[in-house]
*Asks:* 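To start, I am sharing the structure in question, which I have written as structure tokens.
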Amino acid sequence: MRGYAGSLPCCSECLSPGQEIPSKMVDEEAKSLPMELSEKGGVENNGFVQNEAFDDKETDTSSQEETPKTCIIGVNPEATEEPALEPYAGMPKEVLLKFSSQARYRVTREILFWLIIAAAVMLVCATIAIIALSPKCLDWWQASPIYQIYPRSFKDSDMDGNGDLKGIQEKLDHIVNLNIKTVWITSFYKSPLKDLGYGAEDFYDIDPMFGSMSDFENLLAAIHDRGLKVIMDIIPNHTSDKHRWFQLSRNRTGKYTDYYIWQDCVQAGAVIAVPNNWVSVYGNSSWQFDDVRKQCYFHQFGKEQPDLNFRNLAVQQEIHDIIKFWLGKGVDGFSFVAVKFLLEATHLRNEPQVNKSQNSESITAYSELYHDYTTTQVGMHDIIRSFRQTMDQYSSEPGRYRFMGSDGDEKEDIGATMMYYGTTFVQEADFPFNFYLINMKNLSGNSIFEAVNLWMKNMPKGKWPNWAVGSPNTARISSRFGKKYVSVINMLLLTLPGTPITYYGEEIGMENIASGNVTFPEKSPMQWDGQVNAGFTEGTSSWLPVNPDYQSVNVEVQMTWSNSTLSLYRELTLLRNNELPIHRGWMCYIWNDSNVFVYVRELDGLDRVFMMVLNFGQESTIDLKGIVPSLPSVATIRLSTNFSNTGKAVNTNTIKTEAGEGLVLEYKTGKPVHTMEAFQDNCFVAEKACYSSAFNLLYVNC
């Protein structure tokens with residue numbers, strides 16, 4: 001302890017010089033120190049507990065006790081001076097402030113304060129710069145392939161031979177295993193199923209064949225629980241003739257009187273004098289006489305599917321209400337079907353004949369007329385944009401953007417199809433579905449190039465492409481082009497820029513049913529395993545026969561084969577999801593001929609490049625280094641349709657491929673193809689981004 005500078009109370013007398021103080025007296029006097037310090041305003045010693053002898057004692061201020069005599073003890077004079085305090089743990093505020101005002105502490109504190117402020121400002125500025133320079137993140141409908149399901153043929157859960165919503169829920173893990181995050185379920189509205197469900201009897205209900213609304217809600221929850229999104233069909237052009245609206249309209253009930261397109265026509269026996277020569281998509285006149293209303297109603301498709309009158313604003317509002325209903329349920333997007341048929345010319349003129357010399361009375365086929373007055377009429381795109389605006393009302397929540405696709409004019413002018421993207425200022429569909437690869441008549445390297453190039457050259461700047469190679473209305477890949485081309489077509493689909501769309505079963509190479517008695521051979525039940533009915537149903541039969549090849553072409557067996565169509569599909573989706581150049585980079589055509597189609601995927605700032613060499617013809621050998629001299633002499637096979645070749649090195653001046661073989665080559669270069677003048681017209685990018693290796697991030701200004 002420090003020496004105490006002060007006087008201590010003594011007994012009756014002061015001690016003589018040199019006389020010792022008895023130890024007992026020292027102890028007693030030491031006990032009085034804390035109280036004395038307190039009374040004289042001394043420095044409080046927080047590090048010690050007050051002597052117990054003074055606990056709970058109060059000073060009797062009313063008593064007049066005599067102040068004891070004091071004397072100076074023989075202590076070193078220097079020790080009687082108050083010592084300099086130093087900082088210590090637990091010091092009170094008054095002491096802390098005494099030290100904090102000293103220059104050495106104040107300057108240090110100010111330096112630290114301004115360093116923290118500067119660091120915070122730099123962090124905010126860096127964050128703003130990163131956000132400003134970062135490219136737009138790909139949305140969910142861009143980032144993942146889309147898996148299209150025809151629900152009646154996917155999985156039967158109740159043994160009635162028809163696929164249903166519960167069956168889809170049972171098999172969601174298969175979709176997850178494919179590395180796919182978006183499910184597209186085709187029409188399941190309550191319907192007489194005259195056109196496979198595309199003529200709705202009730203847009204607000206589920207057809208009992210597929211389950212109940214509760215089943216749908218459970219499926220939707222299960223899809224979202226797995227981090228997936230769901231798209232469903234909406235068919236605004238027409239309804240079933242069983243729909244309540246039509247029944248009210250044919251009876252001229254209130255506002256429903258003009259919900260459909262009615263025209264006077266004369267029936268003379270079995271012959272009806274129709275208003276004009278318009279023909280339905282399925283053939284024969286698009287006018288049908290109604291015995292109740294005694295007029296003809298218009299139908300672009302089957303006679304059981306009357307067209308709605310979209311020049312009636314009340315009809316448009318009905319569709320908006322339907323959209324809101326399903327979005328309110330949690331649906332993530334819609335595929336709008338048959339939208340080019342929404343409006344017809346009001347003048348009802350005959351449509352021009354393709355063959356002008358043909359007898360007009362003999363025209364019965366849809367292909368025999370130019371459909372100038374029954375498709376893509378003025379005002380049609382305005383209606384679609386209004387649907388987009390309604391969907392946008394549900395897209396404000398982060399991560400809940402609502403996707404809109406439309407079916408476009410795939411068999412007509414490419415320019416008409418591109419109009420479904422909307423304009424620079426007014427958005428329409430996120431993309432019209434691209435069926436040009438489906439509609440190819442012949443398979444070759446050149447035909448593939450032409451289909452891809454047609455879309456990419458005509459797509460508006462800044463828009464996003466998509467690709468499909470199968471659908472519920474088209475023969476399967478293996479049936480159109482042969483089994484040996486299934487894997488290479490899947491490789492094309494999953495390495496092109498944009499969103500790939502896979503029709504269920506194409507991931508395992510399913511074929512059409514080879515039976516003349518089957519009306520819908522491309523809709524055969526999904527082949528899950530080698531059990532009876534391919535695991536599609538536990539019932540005795542299925543609504544369509546299962547393909548006889550299900551013992552070898554099924555999900556279960558292909559999961560165990562490293563060289564299967566399914567294994568390659570999964571590897572390709574992983575590659576697409578994980579590699580930036582394939583995910584969102586440049587695409588440049590390198591070469592095409594009757595056999596092969598070659599293109600690269602590159603990303604600015606990244607020296608790693610992927611080159612696809614895809615054979616859609618016969619055996620071929622090609623010198624790619626001769627075409628692109630800057631290519632390295634050797635490239636590595638990242639993926640091959642023949643898994644035994646994966647990882648091997650190939651010489652770029654002699655790349656050999658067999659018929660139906662596909663290679664994904666990987667190499668490094670400091671001179672990407674998209675920067676070369678010779679290939680400028682062959683390169684495309686949708687969502688441009690550049691990679692910074694220093695910061696390991698993407699930015700836009702490059």
Side-chain angles (χ1 to χ4, degrees), residues 137-151 153-155 163 165 167-186 219-233 330-335 399-403 405 430-431 433-435 437-438 464-472 476-477 486-487 489-510 526-528 553-556 558-559 564-580 582-584 639 664:
C137 292
L138 297 185
D139 219 323
W140 58 265
W141 52 273
Q142 299 171 304
S144 168
I146 295 174
Y147 190 79
Q148 186 182 20
I149 294 174
Y150 185 72
S153 297
F154 196 63
K155 181 66 171 73
L165 299 179
I168 296 174
Q169 184 172 342
E170 288 178 14
K171 293 299 183 179
L172 287 178
D173 287 342
H174 172 66
I175 298 169
V176 173
N177 289 335
L178 294 176
N179 307 304
I180 290 176
K181 293 187 177 297
T182 303
V183 182
W184 173 7
I185 307 174
T186 60
L219 171 61
L220 190 62
I223 287 173
H224 288 161
D225 286 346
R226 287 168 170 79
L228 310 181
K229 302 290 186 180
V230 63
I231 298 169
M232 61 182 284
D233 281 345
V331 170
D332 299 291
F334 287 111
S335 163
R400 290 307 308 274
Y401 180 82
R402 306 308 176 98
F403 166 81
D430 290 297
F431 53 66
F433 292 106
N434 177 1
F435 300 124
L437 289 173
I438 293 177
W464 188 256
N466 71 100
W467 314 92
V469 293
S471 81
R476 292 187 175 274
I477 297 172
V486 172
S487 289
I489 290 177
N490 280 336
M491 184 173 282
L492 169 77
L493 178 73
L494 293 167
T495 56
L496 285 172
T499 300
I501 301 169
T502 291
Y503 180 51
Y504 83 95
E506 299 290 12
E507 72 274 24
I508 60 174
M510 282 178 57
M526 179 66 177
Q527 295 162 205
W528 295 106
V553 181
N554 67 66
V555 172
E556 185 179 69
Q558 289 198 18
M559 286 288 288
S564 68
T565 303
L566 178 59
S567 294
L568 177 63
Y569 188 95
R570 295 179 69 233
E571 290 295 325
L572 286 166
T573 53
L574 274 177
L575 183 73
R576 182 187 184 277
N577 293 344
N578 295 335
E579 295 292 349
L580 283 172
I582 295 179
H583 197 54
R584 65 181 301 163
L639 278 179
V664 178

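This one's a predicted model, so the numbers in the text were calculated from it and none came from an experiment.
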*Asks:* Any sub-3.5 Å donor-acceptor pair from Thr573's side-chain atoms to Leu494's backbone N or O?
*Replies:*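 Judged by distance alone, no pair lies under 3.5 Å.
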*Asks:* Can you sort out the partners of Asn466 under side-chain hydrogen bond (donor to acceptor under 3.5 Å, both in side chains), two or more places apart, ordered by chain and number?
*Replies:*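 Once residues adjacent in sequence are excluded, Asn466 has no partner under the side-chain hydrogen bond (donor to acceptor under 3.5 Å, both in side chains) criterion.
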*Asks:* Please tell me whether Asn578 and His583 have a donor and an acceptor in their side chains that are separated by less than 3.5 angstrom.
*Replies:*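 No.
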*Asks:* Taking all non-hydrogen atoms of both residues into account, name the closest pair between Arg402 and Asp430 and its distance.
*Replies:*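 Answer, listing the atom of Arg402 first, then Asp430: O-OD2, 4.1 Å.
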*Asks:* Would you mind reporting whether Val183 and Gln148 have side-chain heavy atoms less than 4.5 Å apart?
*Replies:*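 Of all side-chain heavy-atom pairs linking Val183 with Gln148, none is under 4.5 Å.
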*Asks:* Please tell me if the side chains of Leu219 and Leu172 come closer than 4.5 Å, counting only heavy atoms from C-beta onward.
*Replies:* yes
*Asks:* Tell me, please, which residues at least two apart from Glu507 pass salt bridge (Lys or Arg N to Asp or Glu O under 4.0 Å).
*Replies:*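 Scan of Glu507 (salt bridge (Lys or Arg N to Asp or Glu O under 4.0 Å), adjacent residues dropped) gives none.
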*Asks:* What residues, two or more places apart in sequence or in another chain, satisfy ring pair (Phe, Tyr, Trp, His ring centres under 6.0 Å) together with Phe431?
*Replies:* Trp141, Phe403, Phe433
*Asks:* side-chain contact (heavy atoms from CB on, under 4.5 Å) with Lys171: which residues, sequence neighbours excluded?
*Replies:*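 Scan of Lys171 (side-chain contact (heavy atoms from CB on, under 4.5 Å), adjacent residues dropped) gives Phe154, Lys155, Trp528.
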*Asks:* For the residue pair Tyr569 and Ser487, confirm or rule out a side-chain donor-acceptor distance under 3.5 Å.
*Replies:*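 The answer is no; no qualifying pair exists.
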*Asks:* Between Thr495 (side chain only) and Met491 (backbone N and O only), is there a donor and an acceptor less than 3.5 Å apart?
*Replies:*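 Side chain of Thr495 to backbone of Met491: a pair is present.
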*Asks:* Could you tell me the separation between the OG1 atom of Thr502 and the CD1 atom of Ile180, rounded to the nearest 0.5 Å?
*Replies:*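 Reported to 0.5 Å precision, the distance equals 5.5 Å.
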*Asks:* With sequence neighbours left out, which residue pairs that include part of residues 567-576 fulfil the salt bridge (Lys or Arg N to Asp or Glu O under 4.0 Å) condition?
*Replies:*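 Those involving residues 567-576 do not exist here.
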*Asks:* Step by step, would you call Met510 with Met526 a side chain to side chain contact (heavy atoms under 4.5 Å, CB included)?
*Replies:* CA-CA 8 Å; Met510 282 178 57; Met526 179 66 177; 3.8 Å; yes
*Asks:* So, for Pro497 and Pro465, which heavy atoms are closest and what is the spacing to 0.1 Å?
*Replies:* O-CG, 3.3 Å
*Asks:* Can you measure from NZ (Lys229) to CG (Leu220) and round to the nearest 0.5 angstrom?
*Replies:* 10.0 Å
*Asks:* Apply side chain to side chain contact (heavy atoms under 4.5 Å, CB included) to residues Thr186 and Ile149 and explain how you reach the verdict.
*Replies:* CA-CA 6 Å; Thr186 60; Ile149 294 174; over 6 Å; no
*Asks:* Would you verify whether the NZ or CZ of Arg476 falls within 45 degrees of the ring axis of Tyr504 while also being under 6.0 Å from that six-membered ring's centre?
*Replies:* yes
*Asks:* Taking atom types as modelled and ignoring hydrogens, do the side chains of Tyr401 and Asp332 form a donor-acceptor contact shorter than 3.5 angstrom?
*Replies:*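 Absent: no donor and acceptor within the cut-off.
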*Asks:* Give me the atom names and distance for the closest heavy-atom approach of Ser471 to Ile438.
*Replies:*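 Scanning both residues, the minimum pair turns out to be CB-CD1, 4.1 Å.
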*Asks:* Could you measure the distance from the NE2 atom of His174 to the CD1 atom of Ile508? Nearest 0.5 Å is fine.
*Replies:*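 One finds 7.0 Å between NE2 of His174 and CD1 of Ile508.
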*Asks:* Just by distance, no angles: are the side chains of Trp140 and Thr182 close enough, under 3.5 Å, to form a donor-acceptor pair?
*Replies:* no
*Asks:* Say you draw a straight line from OH of Tyr150 to CD1 of Ile185; how long is it, rounded to the nearest 0.5 Å?
*Replies:*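 Here the interatomic distance stands at 13.5 Å.
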*Asks:* Do you see a donor-acceptor pair shorter than 3.5 Å between the side chains of Asp233 and Trp184?
*Replies:* yes
*Asks:* Walk me through whether Leu493 and Leu572 qualify under side chain to side chain contact (heavy atoms under 4.5 Å, CB included).
*Replies:* CA-CA 10 Å; Leu493 178 73; Leu572 286 166; over 6 Å; no
*Asks:* Distance check, rounded to the nearest 0.5 Å: Ile168 atom CD1 versus Ile223 atom CD1?
*Replies:* 7.5 Å
*Asks:* Does any N or O in the side chain of Arg584 come within less than 3.5 Å of the main-chain N or O of Gln142, such that one atom is a donor and the other an acceptor?
*Replies:*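 Here the side-chain-to-backbone pair does not exist.
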*Asks:* Who passes side-chain hydrogen bond (donor to acceptor under 3.5 Å, both in side chains) against Ser567, sequence neighbours left out?
*Replies:*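 Residues passing side-chain hydrogen bond (donor to acceptor under 3.5 Å, both in side chains) with Ser567: Ser564.
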*Asks:* Which atom pair, heavy atoms only, marks the closest approach of Asn179 to Asn577?
*Replies:* O-ND2, 3.4 Å
*Asks:* Carefully, step by step, assess Val555 and Met559 under the rule side chain to side chain contact (heavy atoms under 4.5 Å, CB included).
*Replies:* CA-CA 6 Å; Val555 172; Met559 286 288 288; 4.1 Å; yes
*Asks:* Kindly compute the distance separating CD1 (Ile175) from CG (Asn177), expressed to the nearest 0.5 Å.
*Replies:* 10.0 Å
